[in-house]
2 protein chains.
Amino acid sequence: MVRMTEQRRVIYEILSREAWHPTVDELFLEAKKSLPRISQATVYRNIEALIQDDLATKIVGLNGPARFEKTKAPHAHFECRSCGAIKDIFIDTECINSIMDNKEIQQCATETIVVKLLGLCQVCRETNI
Amino acid sequence: MVRMTEQRRVIYEILSREAWHPTVDELFLEAKKSLPRISQATVYRNIEALIQDDLATKIVGLNGPARFEKTKAPHAHFECRSCGAIKDIFIDTECINSIMDNKEIQQCATETIVVKLLGLCQVCRETNI
DNA sequence: CTTGCAAATGATAACAGTTATCGTTAAGGT
DNA sequence: ACCTTAACGATAACTGTTATCATTTGCAAG
Ligand SMILES: [Mn+2]
Ligand SMILES: [Mn+2]
Ligand SMILES: [Zn+2]
Ligand SMILES: [Zn+2]
């Protein structure tokens, strides 16, 4: 049986904040504010459970820890190749459809399409000159 | 100064084999066949150097070690969510162009577009029923 | 209410993948 | 031949994640 615990509720609530793609550590530090005794293991466990229930999505970058977000309408991500920051990009649904309109893809059992844009974020461009 | 060593030449040659997206460990085991004294550290170092020279590309999956390939014409990847296997998918260039034709993307300093398809590969579908 | 049970937790050990360190090797220029 | 130094091999250190286990917690039967 799966229980909706206070820990999971808090983690999901943090994840629901807009325009944020926190790591496990960031979720942990935020969760500690309301649940001072929470463990990192609990964050790993609950984020995994939320993913199984399709309430959360895992985002992997080229380096560093995985990031997570509340599952929402399909969208793309811009990833900074320097600091790993993630930014939502809302591309036209028609673009996704045109990708799916491909014989090879339809033969594979494709469940999800991930579109990622790589580059240097504004902060890193200004910092490193 | 950057030297073209025998180790790097061998690693690049292995990477050049078609339709393969090896991990560092797989590259290491292959390289050992011709260079029995090679170290894993050398594979990590050289794959990194090849990436800097844009001769190799890193591919990260949802789990497991990174995979690599010789840099070639832009294409998409199908990734099995169970075994992590990678398969090349050649999508229409027009799809990529239509994604790039987006105000938000053009404002970001986008350098690369990564398109990944997630699902269960044929092997895993047949194995797990 | 107690009590019993199983799910979930917190703490922490173990693991996997990667990066850093360091003494040694060897390529290439003089 | 000798010198310089990039690159090497071995391995320690580090980071992110998963596994383990004793303890706690929420629920339900008695
Ligand atoms: Mn997002
Ligand atoms: Mn490929
Ligand atoms: Zn950045
Ligand atoms: Zn598979």
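The chains referred to below are lettered A, B, ... by the order of the sequence lines, with proteins before strands, and numbering in each begins at 1. Just so it is clear, the model here is predicted, and its values are computed rather than measured. Note: hydrogens, waters and symmetry copies are ignored here, and every other heavy atom, side chains too, is used.
Listed pair A/Thr42 / C/dG10 meets the phosphate criterion, a side-chain N or O lying under 4.0 Å from OP1 or OP2. Proximity of A/Tyr44 to the phosphate of D/dT18: no side-chain N or O atom is located under 4.0 Å from OP1 or OP2. Side-chain N/O atoms of B/Gln40 include none lying less than 4.0 angstrom from OP1 or OP2 on D/dT11. For B/Asn46, a side-chain nitrogen or oxygen approaches OP1 or OP2 of D/dC8 to under 4.0 Å. Applying the 4.0 Å criterion to OP1 and OP2 of C/dT9, one finds that A/Thr5 has a side-chain N or O inside that range.
Within 4.0 Å of B/Arg45, counting heavy atoms only, lies at least one base atom of the nucleic acid. No contact: B/Val24 has no heavy atom under 4.0 Å from any strand.
The distance from atom CE of B/Met1 to atom C1' of D/dC8 is 16 Å, rounded to the nearest whole Å. Spacing between atom CD of B/Glu48 and atom C1' of D/dA7 amounts to 15 Å, rounded to whole angstrom units. Atom CD of B/Glu6 is separated from atom P of C/dG28 by 11 Å (rounded to the nearest Å). Between A/Leu27 atom CG and D/dG16 atom P the separation is 14 Å, expressed in whole Å. Residue A/Lys32 contributes atom NZ, which lies 12 Å from atom C1' of C/dG10 at whole-angstrom precision. For B/Arg37 and D/dT11, the CZ to P distance is 11 Å, given to the nearest whole Å. Distance A/Phe28 CZ to C/dA11 C1': 11 Å, rounded to the nearest Å. We find that CD of A/Gln7 is positioned 9 Å from C1' of C/dG10, with the value rounded to whole Å.
Nearest-nucleotide mapping onto DNA chain C: of A/Ile38 and B/Lys58, the residue sitting toward the 5' end is A/Ile38.
With salt bridges taken as basic N to acidic carboxylate O contacts below 4.0 Å, none links A/Lys87 and A/Glu79. Ion pairing between A/Arg17 and A/Glu30 holds under the 4.0 Å rule for side-chain N and carboxylate O. For B/Lys58 and B/Glu48, the salt-bridge test fails: no basic side-chain N is under 4.0 Å from an acidic carboxylate O. Salt bridge annotation for B/Arg9-B/Glu6: present, with a cationic side-chain nitrogen under 4.0 angstrom from a carboxylate oxygen.
Distance alone, capped at 3.5 Å, is enough to place a donor-acceptor pair between the A/Arg125 side chain and the A/Leu120 backbone.
Closest approach to the A/Val2 side chain among D/dG9, D/dA7, C/dA8 is made by C/dA8 (side chain taken as heavy atoms from C-beta onward). Comparing C/dT18, C/dA11, D/dT11 against the side chain of B/Ala41 picks out D/dT11 as the nearest. Proximity note for A/Arg3 (side chain, C-beta onward) versus C/dT18, D/dG26, C/dA11: the nearest is D/dG26.
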